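Encoded as structure tokens, the structure appears first; notes follow it.
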4 protein chains.
Amino acid sequence: MARPITTKPASRRLPRDQRMAAILRAARDVLRDRGSEQFTTAEVAERCGTSEGTIYKYFPTRRDLLLQVAESWFEEFLAEDYPARTDGPIAEKLYHAIWWSLSIVRREPALTRLVLMELRADPGYRKMAVYDQNRIIVERVMRIVQEGQLSGAFRPELDIRLIRDMIFGAIEHQTWAYLRGEGNFSVDASAAGITEVVMRGIVTGSPPDDPLSSTVNRLERIALRMEKSLGGT
Amino acid sequence: MARPITTKPASRRLPRDQRMAAILRAARDVLRDRGSEQFTTAEVAERCGTSEGTIYKYFPTRRDLLLQVAESWFEEFLAEDYPARTDGPIAEKLYHAIWWSLSIVRREPALTRLVLMELRADPGYRKMAVYDQNRIIVERVMRIVQEGQLSGAFRPELDIRLIRDMIFGAIEHQTWAYLRGEGNFSVDASAAGITEVVMRGIVTGSPPDDPLSSTVNRLERIALRMEKSLGGT
Amino acid sequence: MARPITTKPASRRLPRDQRMAAILRAARDVLRDRGSEQFTTAEVAERCGTSEGTIYKYFPTRRDLLLQVAESWFEEFLAEDYPARTDGPIAEKLYHAIWWSLSIVRREPALTRLVLMELRADPGYRKMAVYDQNRIIVERVMRIVQEGQLSGAFRPELDIRLIRDMIFGAIEHQTWAYLRGEGNFSVDASAAGITEVVMRGIVTGSPPDDPLSSTVNRLERIALRMEKSLGGT
Amino acid sequence: MARPITTKPASRRLPRDQRMAAILRAARDVLRDRGSEQFTTAEVAERCGTSEGTIYKYFPTRRDLLLQVAESWFEEFLAEDYPARTDGPIAEKLYHAIWWSLSIVRREPALTRLVLMELRADPGYRKMAVYDQNRIIVERVMRIVQEGQLSGAFRPELDIRLIRDMIFGAIEHQTWAYLRGEGNFSVDASAAGITEVVMRGIVTGSPPDDPLSSTVNRLERIALRMEKSLGGT
DNA sequence: CATGAATGAGAGTTCATTCAT
DNA sequence: TATGAATGAACTCTCATTCAT
């Protein structure tokens with residue numbers, strides 16, 4: 001008995017924060033492996049070497065635990081510094097923002113599935129923290145669209161929510177097979193495709209550049225500056 | 001005495017087809033009212049005046065029943081004669097096809113929810129009959145896109161699956177709130193918006209019909225904006 | 001293998017009524033032995049050789065089961081033909097009705113405890129079937145009091161509810177020790193005592209039936225007491 | 001920085017007595033608000049700013065805590081100086097003693113409920129301190145009855161325990177609705193009613209005074225004295 | 001003395017599925 | 001063919017009590 005073997009090394013009697021973190025970690029794993037329907041408190045308890053009772057000390061409800069898993073997961077993504085393109089042509093900025101959204105789906109399909117397929121269907125979705133977190137991601141794309149509308153690069157008469165739905169609808173559809181575990185997708189290619197179509201549409205003759213309308217462009221930029229200096233919202 | 005009172009008149013000893021139909025009908029109602037998570041065989045049995053045992057005679061599993069409900073439901077939609085626009089400008093044909101897809105969502109949110117949020121996430125989704133049925137609906141839209149590409153109206157270099165994802169992604173996103181029971185949407189407006197963006201994109205200067213009038217259009221929009229910014233919100 | 005031994009003789013696959021009856025019987029036993037707080041569905045299931053699931057087929061809730069036990073138990077008492085005295089002196093009729101109430105307590109202390117100590121404290125007590133059943137018992141006594149008031153034998157100015165509370169309060173108090181399992185009581189003696197006090201009160205000189213014979217009566221009682229005190233306990 | 005913020009000011013390291021008192025106070029509040037069934041050690045701990053562990057340092061068991069709450073509560077009532085009527089007509093003294101008992105119920109329904117409906121049913125009731133305390137209250141009424149019997153004002157042949165049960169049974173019955181939270185009652189009216197009925201009974205013609213039977217009364221008192229000197233129980 | 005993290009047994013309840021009748 | 005009584009495993013959640021710190 002030179003040295004007792006510590007079977008459960010860091011387990012018993014953890015401080016509050018660490019225990020919560022351990023539970024959340026285990027719960028995340030269970031969610032990833034089983035999906036929310038098969039997610040049981042019993043398995044979470046087993047995986048993190050605690051009892052179910054302990055879980056209920058920290059999370060009042062199975063549902064609460066599930067939501068907090070999603071939240072904390074999201075949090076991590078939002079904490080990453082998002083390397084937004086701040087200069088360069090707007091096309092590239094848009095591409096980059098879409099690319100980033102796609103990359104989240106790629107990196108965390110289980111989280112994406114949970115949010116998109118289970119939480120979003122919930123009548124209380126809009127009151128969840130996850131809803132707000134998701135909005136942040138969406139905003140990163142939409143800010144660029146808005147900027148484009150202001151600068152005259154994008155058609156200002158289009159409802160911005162429609163544009164949002166086209167972009168994120170496309171992102172989801174492009175990734176369903178992957179989320180289902182049946183296929184793969186290229187973040188680069190998808191981002192490029194979506195950017196292209198949402199910008200130029202599918203009609204023939206959409207000018208990729210349109211350098212000839214420079215005069216108008218100039219006029220437009222002047223107008224934009226005027227608007228800004230006049231103090232629009 | 002003289003004549004026994006028949007408590008359950010039309011139920012006992014139905015031929016196989018009728019019995020199955022009755023069960024499916026009841027199951028559909030339950031699904032509509034409760035959603036797939038709260039869908040219980042007990043309630044189905046009760047609603048169609050049979051026993052749970054009988055249900056299991058025809059459907060080996062709760063899950064099978066659920067799938068067949070979706071199938072038979074879809075079937076009905078596909079049996080409707082779909083009033084496809086076969087002539088007229090392609091823009092109108094596309095609009096019409098998108099409009100029809102949106103109208104299905106509108107008419108049967110419960111079915112839509114089931115398929116989009118629960119079955120689609122299933123690893124076996126592509127083997128389900130529902131998958132094929134859904135494809136038919138999608139095809140109706142895509143046929144027009146294909147036609148457009150062949151005729152030269154639409155850019156032939158674009159991947160048709162990308163276009164599909166943009167259209168149906170947008171359809172879903174535009175209807176989420178409605179599916180969640182939180183809001184409404186206009187079939188007409190959504191169809192128009194989606195058609196417009198998918199065709200012309202969001203970039204300024206996309207030539208509507210007559211590409212030469214674009215300069216004038218843009219000037220007009222600029223004027224509009226200036227007026228707005230001068231006139232305060 | 002001449003004859004297979006039937007281990008569980010009358011248990012499996014009982015018709016609805018019999019099964020319910022069996023559960024109620026077992027539940028009654030559990031209640032009698034354990035009291036309502038320790039009453040568990042598990043023990044009921046075990047005692048009647050079924051599963052808990054089966055119990056929940058017939059009784060939606062533990063609480064419902066408990067209430068139905070009380071109800072069915074009471075029912076049995078009310079179904080007994082109650083041998084009401086319809087003639088004779090009112091004193092005797094009253095005595096007899098009180099006697100009958102006491103005899104119920106005596107015969108079913110567990111039921112009495114349940115109703116008096118647990119259900120009666122419940123905010124919903126007045127909506128329970130048990131409340132109505134209990135009223136029937138009370139009514140049997142009160143009808144006689146009312147009759148006495150009408151005939152002029154009892155003081156008409158007294159609130160009948162007050163009289164009710166004195167009689168049934170006394171019944172309960174006289175039986176608490178017995179209900180707690182600590183003692184016994186004489187149905188006859190209690191009934192006689194309660195009747196006497198409620199009729200004549202405790203003030204000296206209350207005229208029995210024939211006011212002239214009171215002196216003799218009292219002397220008689222005095223003699224009785226003297227005899228007792230002289231002749232040991 | 002300069003001065004640490006004391007989150008829980010007066011809690012840590014209390015002397016034994018103060019700590020116990022604090023726990024009892026909190027426990028009483030919990031009992032009042034929740035009733036004994038919903039009474040949890042966790043809530044008690046939270047309300048007095050300690051931990052459950054500390055509670056178990058002082059009270060070996062949840063049950064013990066509950067009993068001590070009842071005891072200490074009762075103690076307070078008994079410590080109040082009870083303004084007994086020592087002179088005046090016996091009717092008034094009796095009325096006053098009953099009135100006081102009713103006033104306790106009125107002031108502390110939660111305590112009353114606990115004692116009457118939960119502790120009294122317990123097989124160990126007679127060994128509880130609460131039992132003795134309750135007896136003190138009862139004694140205050142019964143002393144007057146006894147006095148009345150000795151003085152010849154009350155019929156001496158009646159079992160005093162029967163009288164006790166009639167009085168306190170009536171008190172409880174008159175207050176059940178109030179204890180259940182469903183109604184109210186008038187202390188004055190109840191006391192008057194109970195006093196009246198217990199004294200004169202319900203039979204017509206009970207003489208409020210009856211001074212004429214004095215000879216018999218004298219005989220009775222003689223007998224009573226004889227009994228006592230002979231050594232009855 | 002005080003804590004509060006941890007427990008674990010057990011509660012009520014649900015429901016897809018089976019199978020004797 | 002049809003029944004519906006029966007199951008039992010699994011679920012979420014509760015809480016008095018313990019004990020290392």
Side-chain angles (χ1 to χ4, degrees), chain A residues 11-20 37-45 49-65, chain B residues 8 11-16 19 38-46 49-65, chain C residues 11-20 37-45 49-65, chain D residues 8 11-16 19 38-46 49-65:
Chain A
S11 84
R12 297 181 74 94
R13 226 157 187 76
L14 290 182
R16 188 177 177 81
D17 295 356
Q18 283 179 41
R19 179 61 75 194
M20 280 188 82
E37 205 146 336
Q38 316 255 39
F39 175 97
T40 66
T41 52
E43 187 169 357
V44 175
T50 355
S51 61
E52 289 189 74
T54 300
I55 292 177
Y56 279 88
K57 265 263 149 47
Y58 297 102
F59 302 92
T61 274
R62 181 194 110 109
R63 190 189 152 72
D64 275 273
L65 175 53
Chain B
K8 288 178 182 174
S11 83
R12 300 178 73 96
R13 294 273 157 187
L14 287 183
R16 188 175 176 80
R19 175 65 75 194
Q38 317 253 39
F39 176 96
T40 64
T41 51
E43 188 168 356
V44 175
E46 195 205 327
T50 352
S51 61
E52 291 189 71
T54 301
I55 291 177
Y56 277 86
K57 272 267 154 23
Y58 296 102
F59 303 91
T61 269
R62 181 193 110 110
R63 192 191 151 70
D64 277 277
L65 174 55
Chain C
S11 85
R12 298 181 73 94
R13 220 149 194 83
L14 290 182
R16 187 177 177 81
D17 295 356
Q18 284 179 41
R19 180 59 76 194
M20 279 187 83
E37 204 146 337
Q38 316 256 37
F39 175 96
T40 65
T41 52
E43 188 168 356
V44 174
T50 356
S51 61
E52 290 190 72
T54 300
I55 292 177
Y56 279 88
K57 266 262 148 46
Y58 298 102
F59 303 91
T61 272
R62 181 193 109 109
R63 190 190 152 73
D64 275 274
L65 175 54
Chain D
K8 289 177 181 175
S11 82
R12 300 179 74 96
R13 295 273 157 186
L14 286 183
R16 188 174 176 83
R19 176 65 74 195
Q38 317 253 39
F39 176 96
T40 64
T41 51
E43 188 168 356
V44 175
E46 196 205 326
T50 352
S51 59
E52 290 189 73
T54 300
I55 291 177
Y56 277 85
K57 271 267 154 22
Y58 297 102
F59 302 91
T61 271
R62 181 193 109 111
R63 192 189 149 71
D64 278 275
L65 174 54

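Because the structure is predicted, anything quoted here is derived from the model rather than measured. Chain A is the first sequence line, chain B the second, and so forth, proteins listed ahead of strands; every chain is numbered from 1.
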Legend entry - Nearest-nucleotide 5' precedence on DNA chain F, B/Gly53 against C/Gly53: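 The answer here is B/Gly53.
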Legend entry - Which residue lies more 5' along DNA chain F, comparing D/Arg63 with B/Lys57 via nearest heavy atoms: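 It is B/Lys57 whose nearest nucleotide is closer to the 5' end.
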Under 4.0 Å, heavy atoms only, any strand: does [X] hit a base, just the sugar-phosphate, or nothing?
X	result
B/Phe59	nothing
C/Arg16	sugar-phosphate
B/Thr40	sugar-phosphate
A/Tyr58	sugar-phosphate

I need the [atom1]-[atom2] distance between [X] and [N], as an integer number of Å.
X	N	atom1	atom2	answer
A/Gln38	F/dA9	CD	P	18 Å
C/Ile55	F/dA5	CD1	P	15 Å
D/Glu43	F/dT14	CD	C1'	14 Å
D/Arg62	F/dT17	CZ	C1'	12 Å

When you get a sec, tell me which of [options] is the closest nucleotide to the side chain of [X]?
X	options	answer
D/Tyr56	E/dT7, F/dT17, E/dG12	F/dT17
D/Ser51	E/dT3, E/dT14, E/dA11	E/dT3
B/Arg19	F/dA6, E/dA6, F/dA2	F/dA2
D/Glu52	F/dT17, E/dT13, E/dT7	F/dT17
B/Thr54	F/dA6, F/dT3, E/dT7	F/dT3
D/Thr50	E/dA16, E/dT7, E/dT3	E/dT3

Inset, instruction - For A/Ser51 and A/Ala45, work out which heavy atoms get closest and say how close. - result: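 For A/Ser51 and A/Ala45, the tightest heavy-atom pair comes out as C-CB, 3.8 Å.
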Inset, instruction - Please tell me which of C/Thr41 and B/Ala42 maps to the more 5' nucleotide of DNA chain E, matching each residue to the nucleotide holding its nearest heavy atom. - result: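 The answer here is C/Thr41.
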Legend entry - Counterpart base for F/dT21, defined by Watson-Crick or G-U wobble contacts under 3.5 Å: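 Across any shown strand, F/dT21 pairs with E/dA2.
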Legend entry - Complement of E/dG12, any strand, by Watson-Crick or G-U distances under 3.5 angstrom: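 Pair assignment: E/dG12 / F/dC11.
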Legend entry - Donor-acceptor contact below 3.5 Å, side chain D/Arg62 vs main chain D/Phe39: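 Pair found, side chain donor or acceptor close to backbone of D/Phe39.
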